[in-house]
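Some notes on the structure that comes next.
Residues: numbered from 1 along the sequence shown. Side chains are part of it too, since the values below use all heavy atoms of this structure and drop only hydrogens, waters and symmetry mates.
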Amino acid sequence: MEENKGIKQLKGRIILKEIAKKQMEWAELKYLVLSKSQPDYKAIRALFADHNWSDEKELQFRFYIQHALAEPAKKGNSLNAYQHIWGYFKNKATEDEQKKYQKLVDNFSIEQDRLLPFLQELSLKYQEEYLLQSRLLFH
């Protein structure tokens, strides 16, 4: 009986470690996926909802990532991801940075994306550790 309890605890720890690894991978990829496909982003978020992981979920995870990354860049998707990233800075950015951000949003185009380098600059300036791991910002 005690052995079964110990095995269950060990299996539980292994599953938690696997989920933690996947969550770290997702943290790196999430804004990149969001910048390409909001439906794929939402589908991946749902995979993590019950804090379990399986081979089937792994396949779905890979499928949604590949599907999203194959999508062409679209203005609305990119801006949506950038606005999520801006949320890390909106309360700490200087007035000049806030004005520059708004100007870059207002004039945004996929062909001449000046918003991405600005968000990279802010991530480095404010040392936003979570964003420093982002594949969208720092591939």
Note to self: Checking the side chain of Tyr101 only, and the main-chain atoms of Trp86 only, is there a donor and an acceptor separated by less than 3.5 Å?
What the structure shows: no
Item checked: Side-chain donor/acceptor of Gln60 to backbone N/O of Ile44, under 3.5 Å -> no
Next item on the list: State whether Lys21 and Glu25 are salt-bridged, where the test is any N-O pair (Lys NZ or Arg NE/NH1/NH2 against Asp/Glu carboxylate O) under 4.0 Å.
Entry: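 Not counted as a salt bridge, because no side-chain N and carboxylate O are separated by less than 4.0 Å.
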Would you please name every residue forming a side chain to side chain donor-acceptor pair (under 3.5 Å) with [X], sequence neighbours left out?
X      : result
Lys57  : Asp50
Glu111 : none
Tyr82  : Asp113
Asn77  : none

Next item on the list: Mind telling me whether His67 and Phe63 have parallel, tilted or perpendicular rings, with 30° and 60° as the class edges?
Entry: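 Parallel: the ring planes of Phe63 and His67 meet at under 30°.
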Note to self: What I want to check is whether the side chains of Gln133 and Glu129 have a donor and an acceptor closer together than 3.5 Å.
What the structure shows: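 Present: a donor and an acceptor within the cut-off.
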Item checked: Which residues share a salt bridge (Lys or Arg N to Asp or Glu O under 4.0 Å) with Lys125, sequence neighbours left out ->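 Lys125: salt bridge (Lys or Arg N to Asp or Glu O under 4.0 Å) contacts with Glu97.
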Check: What are the two closest non-hydrogen atoms of Ala81 and Leu34, and how far apart are they?
Finding: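 Reported closest heavy-atom pair: CA-CD2, 3.9 Å.
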Next item on the list: List for me each residue that meets side-chain contact (heavy atoms from CB on, under 4.5 Å) alongside Lys30, sequence neighbours excluded, and say none if there are none.
Entry: Trp26, Tyr41, Tyr130
